[in-house]
Participant: 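Pasting a structure below so you can have a look.
Below, chain A is the first sequence line, B the second, and so on; all start at residue 1. These numbers come from the heavy atoms of this one structure, side chains and all, not from hydrogens, waters or symmetry mates.
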Protein chains: 2
Amino acid sequence: MPSSTVENYLKQIFLEQQINGNDIVAMGKLSERMEVSPGTATSMVKLLDKSGLVNYEPRNGSILTNKGSEIAIHVLRRHRLIELFLVKELGLDWSEVHEEAETLEHSISDKVLEKIDIKLGHPSVDPHGDPIPSAEGKIERKKLVNLADCHAGQVARIGRILDQNSEFLKFINKYGIRPGQIVEIKDHDTIADAVNLAPKNNQPVTLGMHAASKISVEIIDKSSKNEINKRQSQSSNT
Amino acid sequence: MPSSTVENYLKQIFLEQQINGNDIVAMGKLSERMEVSPGTATSMVKLLDKSGLVNYEPRNGSILTNKGSEIAIHVLRRHRLIELFLVKELGLDWSEVHEEAETLEHSISDKVLEKIDIKLGHPSVDPHGDPIPSAEGKIERKKLVNLADCHAGQVARIGRILDQNSEFLKFINKYGIRPGQIVEIKDHDTIADAVNLAPKNNQPVTLGMHAASKISVEIIDKSSKNEINKRQSQSSNT
DNA sequence: ATTTTTATTTTGATTAACCAAAATTATGTT
DNA sequence: AACATAATTTTGGTTAATCAAAATAAAAAT
Ligand SMILES: [Mn+2]
Ligand SMILES: [Mn+2]
Ligand SMILES: [Mn+2]
Ligand SMILES: [Mn+2]
């Protein structure tokens, strides 16, 4: 029933809430994410408030209601199942499925969605490592650590790629960096601002800290004894 | 680039041209097919004319230009490939795929479409027996005969179902009537206004003439010596 | 040849999304 | 506190797609 425009607004508010700790979302952030002018976002949010999908506090921002949240999660489920389907069943490259899913997420019926879910065996993560919400709307989040905060000697499993950029995805894929892959952190050099890592069965690569911060991992061995990891490791991916 | 609304107008004009022998399409027919008011169809057609997609003759009707025709055929290709994909790969029932395809035909990229085409092995007909245009826009039409015009004793292959109605499709499917199926015409009774036929490996069924006229077939044996078949056997299906 | 009926077009309005630029309010800085 | 900057809202306007009802034209019937 909600238009695809409304679905997109709700999804963006949801994603922003995910990374800001469920705080109210500023109009500026929303208009930026939606790539519309600030005034457009304001008037849309007023309508969403009237429909009971968000709570809008003028001069402050908006936050999803339960109803809005449910819709957003359902859109996200569609998006991510479609991405995985396109990769697994139709053989598209993981670097190109995000754009495709961006439109298909609004045109697939629940019936088709559940067929896809069954065919894929009720998967829990999409090609970028983003969690796929269950049909009931539960999202299982793993506690992941930012690759930029790892230490030399640690062994980790790639969890999630926090950047949908097609070039970036193609690049890291070439070096064997993708969700599920085991990597060993060979070196973490703060001065050089770089991390050197060796994905299992692949050549080692050096990533600048900024690029490394786009990848979050699950430490599985040689947990170093140093300070607490500090970098934001949540994603706003879809 | 054309909106899904424009794609739908072009598709409906195309389908109407198919059954009226490529004649100009009256505004009334178009507005009826599009389920919009006559005035709406008029103003849209003027725009389509301005964009070079149709030629509009006021007080008369409109006809597709080559450019408009190309787009319409491409939409039809998407529609029919999607229908077949939903049946073959996702296990939906042929009675429900038309509605699904009606929206998906506007949201699937060429890249995904060609993957689907490959996966299905470049099929030439959709689940209702409607021809699938090639990527180059060629449509291969078989010369089919209306079941209502067949004669007792003839053996035929079901070609095309000229009615997308879900209930109708479920009904005939239950009796083994579907594209490709071989049937023997047991009786054709003009007085009773009914046709009795026996699909291979199925119980015989009796269909009223009106229902029978929704099915077109290819005669493969015992071609009767009588008059030329007269009933319209073309389809406006998608 | 009129009159009636039907088909089509025109007119005037509406709704969802949007933008640019002006007005307002809040925040930060001297 | 006063001023400057940044964020947000308001205002006025646009475009695509639609409708209802009035006006017009063509076709059919008398
Ligand atoms: Mn995505
Ligand atoms: Mn994703
Ligand atoms: Mn169809
Ligand atoms: Mn079909």
Side-chain angles (χ1 to χ4, degrees), chain A residues 1-14 16-17 19-20 23-64 67-68 71-72 75 102-103 105-107, chain B residues 1-14 16-17 19-20 23-64 67-68 71-72 75 102-103 105-107:
Chain A
M1 215 91 60
S3 67
S4 56
T5 303
V6 165
E7 287 190 341
N8 282 328
Y9 274 89
L10 296 176
K11 184 178 70 169
Q12 292 305 331
I13 296 171
F14 182 89
E16 185 58 31
Q17 283 185 210
I19 66 175
N20 77 3
D23 201 7
I24 199 163
V25 175
M27 298 314 293
K29 256 278 165 335
L30 182 56
S31 81
E32 188 186 300
R33 274 178 172 276
M34 286 301 297
E35 303 181 72
V36 297
S37 76
T40 299
T42 298
S43 34
M44 176 53 90
V45 151
K46 284 180 182 174
L47 292 179
L48 295 178
D49 183 288
K50 212 167 287 180
S51 328
L53 299 171
V54 310
N55 289 321
Y56 167 53
E57 292 180 20
R59 301 263 155 208
N60 192 10
S62 48
I63 193 165
L64 294 177
K67 210 171 140 212
I71 295 173
V75 175
E102 211 50 62
T103 64
E105 67 188 1
H106 310 294
S107 19
Chain B
M1 213 90 62
S3 67
S4 56
T5 303
V6 166
E7 287 189 340
N8 283 328
Y9 275 89
L10 297 176
K11 185 179 68 170
Q12 293 305 332
I13 297 170
F14 182 89
E16 185 59 31
Q17 283 185 212
I19 67 174
N20 76 4
D23 200 7
I24 200 162
V25 175
M27 299 313 293
K29 254 280 168 328
L30 182 55
S31 82
E32 187 187 302
R33 274 177 172 276
M34 286 299 299
E35 302 180 73
V36 297
S37 75
T40 299
T42 298
S43 36
M44 176 53 91
V45 150
K46 283 179 181 174
L47 292 178
L48 296 178
D49 183 289
K50 212 167 285 180
S51 327
L53 298 170
V54 310
N55 288 321
Y56 167 53
E57 291 179 21
R59 300 264 157 208
N60 193 7
S62 47
I63 193 165
L64 294 176
K67 211 170 141 214
I71 294 173
V75 175
E102 211 48 62
T103 66
E105 67 188 1
H106 310 294
S107 18

Participant: Any chance you could measure Leu48(B), atom CG, to Ser62(B), atom OG, to the nearest 0.5 Å?
Facilitator: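 Between Leu48(B) CG and Ser62(B) OG, I get 7.5 Å after rounding to 0.5 Å.
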
Participant: CD of Gln12(B) versus C1' of dA17(D): gap in Å, rounded?
Facilitator: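 Atom CD in Gln12(B) sits about 17 Å away from atom C1' in dA17(D).
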
Participant: I want to check one thing: is the phosphate of dT9(D), taken as OP1 and OP2, less than 4.0 Å away from some side-chain N or O of Lys46(A)?
Facilitator: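 It does not, given that no N or O in the side chain of Lys46(A) lies less than 4.0 Å from OP1 or OP2 of dT9(D).
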
Participant: Is there a side-chain contact between Thr42(B) and Tyr56(B) (heavy atoms, below 4.5 Å)?
Facilitator: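 A side-chain contact under 4.5 Å exists here.
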
Participant: Nearest whole angstrom, please: distance from the C1' of dT9(D) to the CZ of Arg59(A).
Facilitator: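 After rounding, the gap between these two atoms is 5 Å.
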
Participant: Just verifying a value: how many Å separate Glu7(B) CD and Leu53(B) CG, rounded to the nearest 0.5 Å?
Facilitator: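 One gets 10.5 Å once the value is rounded to the nearest 0.5 Å.
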
Participant: Once rounded to the nearest 0.5 Å, what's the spacing between atom NZ of Lys46(B) and atom CG of Asp49(B)?
Facilitator: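 Between Lys46(B) NZ and Asp49(B) CG, I get 10.5 Å after rounding to 0.5 Å.
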
Participant: Using whole Å, what does the distance between atom C1' of nucleotide dA26(C) and atom CD of Glu57(A) come to?
Facilitator: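 About 15 Å, once rounded to whole Å.
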
Participant: Got a sec? Which of residues 25-32 of chain B come in under 4.0 Å of DNA chain C, heavy atoms?
Facilitator: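 Contacts with DNA chain C under 4.0 Å: Ala26(B), Met27(B), Gly28(B).
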
Participant: What is the distance, to the nearest angstrom, from the CD1 atom on Ile24(B) to the C1' atom on dT8(C)?
Facilitator: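 Distance, rounded to whole Å: 13 Å.
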
Participant: How long is the gap from NZ on Lys11(A) to CZ on Arg33(A), to the nearest 0.5 Å?
Facilitator: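 The distance works out to 10.0 Å.
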
Participant: How long is the gap from CG on Leu10(A) to OG1 on Thr5(A), to the nearest 0.5 Å?
Facilitator: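 Output value for this atom pair is 11.0 Å.
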
Participant: Find the distance between CD (Glu16(B)) and CG (Asp23(B)) and round it off to the nearest 0.5 Å.
Facilitator: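 Here the rounded value is 9.5 Å.
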
Participant: Quick one: Tyr56(A) OH to dA7(D) P, roughly how many Å, whole number?
Facilitator: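 About 16 Å, once rounded to whole Å.
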
Participant: What's the shortest heavy-atom distance between Leu64(A) and Ile13(A), and which atoms?
Facilitator: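 Taking every non-hydrogen atom into account, CG-CG2, 3.7 Å.
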
Participant: Assign a letter to each nucleotide of nucleotides 14-21 of chain C from its 5' end: B, base within under 4.0 Å of a protein heavy atom; S, sugar-phosphate only; -, no contact.
Facilitator: ---SSB--

